[in-house]
Amino acid sequence: MSNELSNVRVHYLDTVSSTNDVAKKCALAGEEEGLVIVAENQTHGKGRWGRRWQSPKGGLWFTILLRPPSLEHLGLISLAAGIASVRTIECFGVSVNLKWPNDIIFDGRKLGGILIEGGTQGDSYYALVGIGINLNIPKDAFSEDIRETATSLLELTSCIIPKDSFLNTLLGHFFKLYKSILSGQTNNLLEEYRRACSSIGKKVRVETLQGTIDGTVVGIAHDGALLLDICEGLTRKIQCGEVTSLRGRTVA
Ligand code: BTN
């Protein structure tokens with residue numbers, strides 16, 4: 001595979017509980033950065049905030065193992081995963097945007113999601129970048145409760161997209177962006193992210209571990225955090241939270 005990290009190793013598995021869990025085991029067993037775990041099926045796919053991630057057959061479910069020099073990079077790694085996904089989806093003629101930090105949204109409906117987990121191992125760090133793209137999934141494969149809020153590339157394009165070429169394209173974009181993060185060259189990533197992010201300029205409610213905050217999204221900080229104007233120019237920086245638009249649809 002041609003990409004920016006020479007030792008990318010893609011392991012294809014059939015059924016796993018969650019690709020993040022498999023990648024975590026590999027990390028703890030000492031696997032090097034660049035391992036990618038892909039599964040056809042996940043029995044216990046994990047979403048953000050402890051939610052379940054529906055993983056019907058036909059989707060692209062995978063996790064990239066990284067060993068960043070510091071967990072401070074996690075915010076930017078998360079934006080890079082979102083941008084790599086957007087670029088790849090756009091190759092197939094579908095224009096999407098990102099709800100901060102990285103929900104992949106088409107016309108208010110969720111086309112994919114990203115779960116980043118970080119941990120320490122001795123005196124070093126690992127990061128698990130779990131990406132789920134609703135690729136070749138027929139609408140009726142989603143359970144009824146999310147059928148109207150989720151979508152898939154099959155539904156949008158009526159085409160079956162080859163998983164391996166989609167994955168290779170996405171990994172190529174991702175590792176290039178990851179390399180730029182490690183070398184401190186993040187301006188282009190942040191500019192591209194700000195253009196792709198539908199949350200900017202919106203009045204939103206953000207659920208954080210410390211409580212709920214309402215405000216207007218005024219930007220994205222240099223480390224990937226959300227900048228929220230909470231009261232006439234008073235800005236709060238939010239590293240981690242769940243954003244809901246206070247106008248219009250709930251997932252936009
Ligand atoms: C979200 O939007 O809530 C994040 C969803 C992340 C889903 C992917 S699928 C591959 C990887 N393995 C998991 O269990 N979750 C992530």
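Atoms within each ligand, like the ligands themselves, are counted from 1 in listed order.
Salt-bridge annotation for Lys163 and Glu40: present, with a side-chain N of the basic residue lying under 4.0 Å from a carboxylate O of the acidic one.
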Listed pairs under 3.5 Å, donor-acceptor, residues 68-82 side chains, sequence neighbours left out:
from, atom 1, to, atom 2, distance (Å)
Ser70, OG, Glu72, N, 2.8
Ser78, OG, Asn102, ND2, 2.8

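Note on residues 81-90: pairs passing salt bridge (Lys or Arg N to Asp or Glu O under 4.0 Å), not counting sequence neighbours, are Arg87-Glu192. Counting only residues at least two apart or in different chains, ring pair (Phe, Tyr, Trp, His ring centres under 6.0 Å) contacts with residues 97-139 are absent.
Checking Asn134 against Gln54 by side-chain atom types alone, no donor-acceptor pair falls below 3.5 Å. Looking at Glu207 and Thr212, their side chains do bring a donor and an acceptor atom within 3.5 Å of each other.
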Inventory of protein N or O atoms under 3.5 Å from ligand 1 N or O:
from, atom 1, to, atom 2, distance (Å)
ligand 1, 2 (O), Lys110, NZ, 2.6
ligand 1, 3 (O), Arg48, N, 2.7
ligand 1, 12 (N), Thr19, OG1, 3.0
ligand 1, 12 (N), Gln42, OE1, 2.9
ligand 1, 14 (O), Ser18, OG, 2.8
ligand 1, 14 (O), Gln42, OE1, 3.4
ligand 1, 14 (O), Lys46, N, 2.7
ligand 1, 15 (N), Lys46, O, 2.8

